[in-house]
Amino acid sequence: MARYDRAITVFSPDGHLFQVEYALEAVRKGNAAVGVRGSDTIVLAVEKKSAPRLQDSRSVRKIVNLDEHIALACAGLKADARVLINRARIECQSYKLTIEDPVTVEYITRYIAGLQQKYTQSGGVRPFGLSTLIIGFDPHTGTPSLYQTDPSGTFSAWKANATGRNSNSIREFLEKNYKETSGQETVKLAIRALLEVMLMLIRINAHIFIAVHPMYCWIKIPCIVGQTLFMCYDKLFLSLEF
């Protein structure tokens, strides 16, 4: 095995690229991220670990905007994410200047996945050590979309998915509990799925991004297991019971 993991361009005899598998391992050790698509709503929920007391928590972002109608959450190496996010933002603006239309979610997902795949077959580089969840609305039809990419450059569309720490457990929860929802029911499902990996904690922090066409709002929620969560949703305060 040691001979085949020294270069990204070398396959092992059984068809593995070990550097890509190592990148996937970095993803599995990252903070959990959950995406749920509703009929008129898309939700990203990301686990946020406690920050040092002297650190400005506002400088640590788990969810970012790529464009006015597209957002991204990732699990893995945050430094790699910063590079990928900056290049994706530039591509969004370049597309808009060239085509004179907002970029579609599928297009920017293909771009990000293509960039990740490029770094799996070139000498002198290493794969991006992150997996992404990309959400957004079609700029023409308003249809919500959720995509995932991984370090190998593979991408696919999902109704609900998770990446990062304990993503398999979260995905199993979503498979058992997912149904076509709208509004606050979509938010509830995303938070319940995220709590699946944090039931052993008394208090956890989460970053929640709720997108309701055509409004997008950032919400930071301190989630307390077993109590009522209050969140600002569609300019109203709704009580979400768990």
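Everything quoted here is computed from the prediction, not taken from an experiment.
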* Structure fact -> Looking only at heavy atoms, the pair that brings Pro151 and Val27 closest together is CG-CG2, 3.9 Å

* To do: Give, for atom CD1 of Ile112 and atom CG of Leu72, the distance between the pair rounded to the nearest 0.5 Å.
  => 5.5 Å

* In plain terms, say whether Glu172 and Lys176 are close enough for a salt bridge, that is, a side-chain N and a carboxylate O under 4.0 Å apart. => no

* Asked: Where the side chain of Asn166 meets the backbone of Ser169, is there a donor-acceptor pair that is under 3.5 Å apart?
  -> no

* How far apart are the closest heavy atoms of Ile108 and Ala88, and which atoms are they? -> CD1-O, 3.6 Å

* Residue pair Arg192 / Asn177, side-chain donor-acceptor N/O under 3.5 Å -> no

* Just how far is it from atom OG of Ser145 to atom NZ of Lys159, taken to the nearest 0.5 Å? -> 13.0 Å

* Any donor and acceptor pair, going by atom type alone, linking the side chain of Arg165 with main-chain N or O of Gly30 inside 3.5 Å? -> no

* Common cluster, Leu115/Leu77, ILVMFWY with side-chain heavy-atom separation under 4.5 Å -> no

* Check Arg37 against Trp158 and note the closest heavy-atom contact, atom names and distance. => NH1-O, 3.8 Å

* Per the side chain to side chain contact (heavy atoms under 4.5 Å, CB included) rule, which among Asp67, Val105, Asp101, Thr104 passes with Pro139? -> Thr104

* CD1-CG distance between Ile85 and Asp80, expressed to the nearest 0.5 angstrom -> 10.5 Å

* To do: Determine, stepwise, if the pair Phe173 / Asn168 fulfils side-chain contact (heavy atoms from CB on, under 4.5 Å).
  => CA-CA 9 Å; Phe173 175 86; Asn168 290 335; over 6 Å; no

* Asked: Below 4.5 Å, heavy atoms only, C-beta onward: do Lys62 and Lys78 meet side chain to side chain?
  -> yes

* Asked: Which pair of non-hydrogen atoms, one from Phe137 and one from Asp40, has the smallest distance, and what is that distance?
  -> CZ-O, 3.8 Å

* Steps toward side-chain contact (heavy atoms from CB on, under 4.5 Å) verdict (Leu44, Val34) -> CA-CA 6 Å; Leu44 281 178; Val34 180; over 6 Å; no

* To do: Please answer whether the main-chain N or O of Val103 pairs with a side-chain N or O of His69 as donor and acceptor at a distance below 3.5 Å.
  => yes

* Are side-chain N/O atoms of Thr186 and Thr41 paired as donor and acceptor at under 3.5 Å? -> no

* To do: Report the C-alpha distance between Tyr119 and Arg126 in whole Å, list the side-chain angles of each, state the deciding distance to 0.1 Å, and finish with yes or no for side-chain contact (heavy atoms from CB on, under 4.5 Å).
  => CA-CA 6 Å; Tyr119 278 73; Arg126 65 164 176 80; over 6 Å; no

* To do: Please answer: with hydrophobic residues joined when any side-chain heavy atoms are less than 4.5 Å apart, are Leu66 and Ile90 in the same cluster?
  => no

* Asked: After noting the C-alpha distance and the side-chain angles of Glu106 and Arg110, does the key distance pass the salt bridge (Lys or Arg N to Asp or Glu O under 4.0 Å) rule?
  -> CA-CA 6 Å; Glu106 182 180 2; Arg110 286 181 179 273; 3.1 Å; yes

* Asked: Judged by atom type as modelled, is there a donor-acceptor pair below 3.5 Å linking the side chain of Thr120 to the main-chain atoms of Gln117?
  -> yes

* For the residue pair Gln116 and Thr149, confirm or rule out a side-chain donor-acceptor distance under 3.5 Å. => yes

* Taking C-beta and beyond as the side chain, do Phe155 and Thr132 meet within less than 4.5 Å on heavy atoms? -> no

* **Phe128 to Ala23 - nearest heavy-atom pair and separation** => O-CB, 4.0 Å

* Nearest non-hydrogen partners of Glu21 and Arg28, listed with the distance -> O-NH2, 4.2 Å

* Any side-chain heavy atom of Tyr178 sitting closer than 4.5 Å to one from Leu189? -> yes

* To do: Give, for atom OG of Ser152 and atom CG of Leu24, the distance between the pair rounded to the nearest 0.5 Å.
  => 6.5 Å

* **Residues Gln93, Arg89; criterion side-chain contact (heavy atoms from CB on, under 4.5 Å); working and verdict** => CA-CA 6 Å; Gln93 298 306 310; Arg89 284 172 169 170; 5.8 Å; no

* Taking the side chain as C-beta and beyond, is there a heavy-atom pair between Leu130 and Leu84 under 4.5 Å? -> yes

* Asked: More than 12 foreign heavy atoms under 6.0 Å from CD of Glu100: is that the case here?
  -> no

* Does a side-chain heavy-atom distance below 4.5 Å link Ile135 with Ile70? -> no

* Asked: So, the side chain of Thr98 versus the backbone of Ser94: is there a donor-acceptor pair under 3.5 Å, distance only?
  -> yes

